[in-house]
*Asks:* 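For reference, the structure I am asking about is given below.
Computed from a predicted model, the values in this text were never measured in an experiment. In what follows, chains are A, B, ... by sequence order, proteins preceding strands, each numbered from 1.
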There are 2 protein chains.
Amino acid sequence: MTKRSQTDRDLASRLRLDIVSSAFEPESRLKFAELTKRYEVGIGTLREALTLLLSEGFVTVDAGKGFRVAPVSATELAEIIELYLELETRALEQAIKTGDDEWESTIVAAHHRLSLIESLPWEKRMERHEEWVERHREFHESLISACNSQWLVRLRSIMFNQLDRYRFITKLATAGRDQIKLAEHLEIKNAVLARDVPKAKYLLEAHIRDTAQHAIQKLTPKP
Amino acid sequence: MTKRSQTDRDLASRLRLDIVSSAFEPESRLKFAELTKRYEVGIGTLREALTLLLSEGFVTVDAGKGFRVAPVSATELAEIIELYLELETRALEQAIKTGDDEWESTIVAAHHRLSLIESLPWEKRMERHEEWVERHREFHESLISACNSQWLVRLRSIMFNQLDRYRFITKLATAGRDQIKLAEHLEIKNAVLARDVPKAKYLLEAHIRDTAQHAIQKLTPKP
DNA sequence: AATAAAGATATTTTCGAAAATAAAGAGGTG
DNA sequence: CACCTCTTTATTTTCGAAAATATCTTTATT
């Protein structure tokens with residue numbers, strides 16, 4: 001609920017980022033000997049960060065056999081999508097009902113920052129992909145920032161982070177689709193600011209399902 | 001996802017139990033000096049367990065100032081209830097649709113074990129309250145055990161555990177209500193076995209809201 | 001050659017000492 | 001007496017050595 005120790009938070013974040021961006025292969029072992037060198041921290045600190053990632057579903061652990069990177073699969077993605085959609089649309093509905101002027105401005109600002117990157121030509125856009133990830137997260141967070149249920153925000157956040165892994169998989173497949181994404185984000189922003197709950201929900205759902213569809217295709221073994 | 005280290009799991013469970021049962025006051029500090037004595041484990045081990053409880057929302061942490069027991073409040077309970085209901089009914093619906101014979105027998109068995117305790121006279125029932133908590137959990141888990149979404153089960157589980165804290169608050173207020181609970185659990189079991197999704201959902205929702213209502217009254221400051 | 005036992009190696013897990021940080025107390029100054 | 005500064009105490013956080021556990025290798029046995 002409150003803030004986590006600084007170094008630890010950073011370590012967990014760095015680890016999470018490395019897992020999301022496939023620096024470690026799914027299901028590969030995470031040995032302390034290697035990790036302590038890579039991140040220049042002690043075993044205990046690492047263990048703590050891994051415990052956090054365990055609860056977020058990024059790693060698994062077998063007693064006595066250590067930690068592994070959690071696997072990815074099309075079926076798991078399907079689970080994540082369904083839950084994420086439910087949580088995100090719920091949070092969005094609440095936010096639309098209770099959001100004030102400041103909430104609106106946060107959305108406008110976050111959307112602007114996101115669209116600046118999404119308008120770039122593909123190469124430039126790819127160069128700044130990490131930044132895009134961050135701004136994309138901020139945009140979606142801004143939409144629901146007026147949601148008054150801390151727990152809803154929290155659970156949604158877990159699923160959003162999980163989706164990051166699958167978004168990374170489709171990273172390269174989005175070449176021609178940037179303009180579509182740009183348009184979708186704009187439409188969602190407008191529907192939310194117009195306080196049109198059904199429309200906002202509908203657009204958001206389509207937006208998310210579309211992205212997911214590409215990841216599922218990549219993950220499903222071809223004949 | 002996979003199994004956590006044995007000693008750690010136990011430590012986290014013991015700590016969780018002590019928080020749920022108010023052995024530690026909400027918002028009170030959890031000092032390592034005391035905890036190492038109480039649980040007879042090293043600091044690192046404790047830290048790991050607390051990190052797990054942090055992610056489950058049972059403790060909070062301020063960088064440099066250590067861990068505290070998470071607070072309880074009527075508004076938080078309201079959040080938890082709404083989310084738990086959504087997740088539990090979703091999981092239940094899936095389970096009813098995909099559950100097989102074995103799933104049914106697990107439910108029958110779990111319900112039987114639960115009803116044996118709930119049929120006891122109040123004093124006997126209270127003596128075995130910890131056992132009741134366990135059997136109650138097992139019953140509810142059996143209902144959704146055929147749900148095929150691991151993530152749904154997982155998130156539901158987090159919220160169920162959170163509710164444990166609030167169930168404890170109403171523990172003493174349930175004096176005359178044991179027979180009602182017994183009847184409710186029976187009705188839910190029957191609806192589920194009859195594969196009547198709407199009825200099962202309805203009964204489950206009423207059952208949960210009822211329990212929650214008592215906790216909310218206890219938590220709302222009186223004039 | 002397959003299996004088992006024993007030994008050697010690799011890895012995780014636990015622990016408490018040392019470093020870093022925050023909180024409390026003591027002493028001085030306007 | 002309030003307010004700042006320094007010192008002391010209390011507490012958290014980090015770290016790596018030691019214990020426990022798992023894995024691999026070798027050797028012996030049928």
*Asks:* Give a yes-or-no answer on whether the side chains of His140(B) and Glu88(B) include a donor-acceptor pair shorter than 3.5 Å.
*Replies:* yes
*Asks:* Separation of Arg68(A) atom CZ from dT12(C) atom C1', in whole Å?
*Replies:* 13 Å
*Asks:* Using residues 21-30 of chain B as the side-chain source, report each donor-acceptor pair under 3.5 Å to any protein atom, sequence neighbours left out, with the distance given to one decimal.
*Replies:*
unit_1   : atom_1 : unit_2   : atom_2 : d
Ser21(B) : OG     : Leu17(B) : O      : 2.7
Ser28(B) : OG     : Glu25(B) : O      : 2.6
Arg29(B) : NH2    : Lys65(B) : O      : 3.3

*Asks:* Decide, yes or no, whether a salt bridge links Arg38(B) with Glu34(B) under the criterion of side-chain N to carboxylate O below 4.0 Å.
*Replies:*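 Between Glu34(B) and Arg38(B) there is no salt bridge, as every charged N stays at least 4.0 Å from the carboxylate O atoms.
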*Asks:* What is the distance, to the nearest angstrom, from the CZ atom on Phe67(B) to the P atom on dT11(D)?
*Replies:*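 The distance from CZ of Phe67(B) to P of dT11(D) comes to 16 Å, rounded to the nearest Å.
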*Asks:* Could you tell me the separation between the CZ atom of Phe32(B) and the P atom of dT21(C), rounded to a whole number of Å?
*Replies:* 16 Å
*Asks:* Output yes when Arg16(A) and Asp164(A) qualify as a salt bridge under the 4.0 Å nitrogen-oxygen rule, no when they do not.
*Replies:*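 Result for this pair is no, no salt bridge flagged.
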*Asks:* Out of curiosity, Phe32(A) CZ to Arg47(A) CZ, how far, rounded to the nearest 0.5 Å?
*Replies:*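 It is 4.5 Å, given to the nearest 0.5 Å.
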*Asks:* If you check every side-chain atom of Thr45(A), which of dC15(C), dC15(D), dT13(D) has the closest atom?
*Replies:*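 Out of dC15(C), dC15(D), dT13(D), the nucleotide with an atom closest to Thr45(A)'s side chain is dC15(D).
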*Asks:* Go ahead and write out DNA chain C as dot-bracket, 5' to 3': ( ) for pairs within the strand, [ ] for ones crossing earlier pairs, | when the partner sits on another strand, dots for unpaired; Watson-Crick or G-U wobble, both distances under 3.5 Å.
*Replies:* ||||||||||||||||||||||||||||||
*Asks:* Does a side-chain N-to-carboxylate-O contact under 4.0 Å join Arg209(B) and Glu82(B)?
*Replies:*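 Counted as a salt bridge, because a side-chain N and a carboxylate O are separated by less than 4.0 Å.
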*Asks:* I need the CG-P distance between Leu35(A) and dG16(D), as an integer number of Å.
*Replies:* 14 Å
*Asks:* Name the one of Leu35(A), Val61(A), Leu11(A) that satisfies side-chain contact (heavy atoms from CB on, under 4.5 Å) with Leu50(A)?
*Replies:* Leu35(A)
*Asks:* Taking the nucleotide of DNA chain D with the nearest heavy atom to each, does Gly44(B) or Ala33(B) sit closer to the 5' end?
*Replies:* Ala33(B)
*Asks:* Under 3.5 Å, is there a donor-acceptor pair linking the side chains of Glu76(A) and Tyr166(A)?
*Replies:* yes
*Asks:* For nucleotides 18-25 of chain D, which of its nitrogen or oxygen atoms have a protein nitrogen or oxygen under 3.5 Å away, and what is each distance?
*Replies:*
none

*Asks:* Return the value, rounded to whole Å, for the distance between atom CG of Leu46(A) and atom C1' of dG16(D).
*Replies:*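 Rounding to the nearest Å, CG of Leu46(A) and C1' of dG16(D) are 13 Å apart.
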*Asks:* Applying the side-chain contact (heavy atoms from CB on, under 4.5 Å) test to Leu15(A), which of Val20(A), Asp10(A), Leu46(A), Val59(A) qualifies?
*Replies:* Leu46(A)
*Asks:* What is the distance, rounded to the nearest whole Å, between atom CD of Glu48(B) and atom P of dT13(C)?
*Replies:* 8 Å
*Asks:* At 4.0 Å (heavy atoms only), tell me whether Leu30(B) reaches a base, stays on the sugar-phosphate, or touches nothing.
*Replies:*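 Touches sugar-phosphate only.
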*Asks:* Send over the distance from Glu40(B) CD to dC15(C) P, rounded to a whole Å.
*Replies:*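 Result: 10 Å.
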*Asks:* Atom NZ of Lys37(A) to atom C1' of dG16(D): distance rounded to whole Å?
*Replies:*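 In whole Å, dG16(D) C1' and Lys37(A) NZ are 14 Å from each other.
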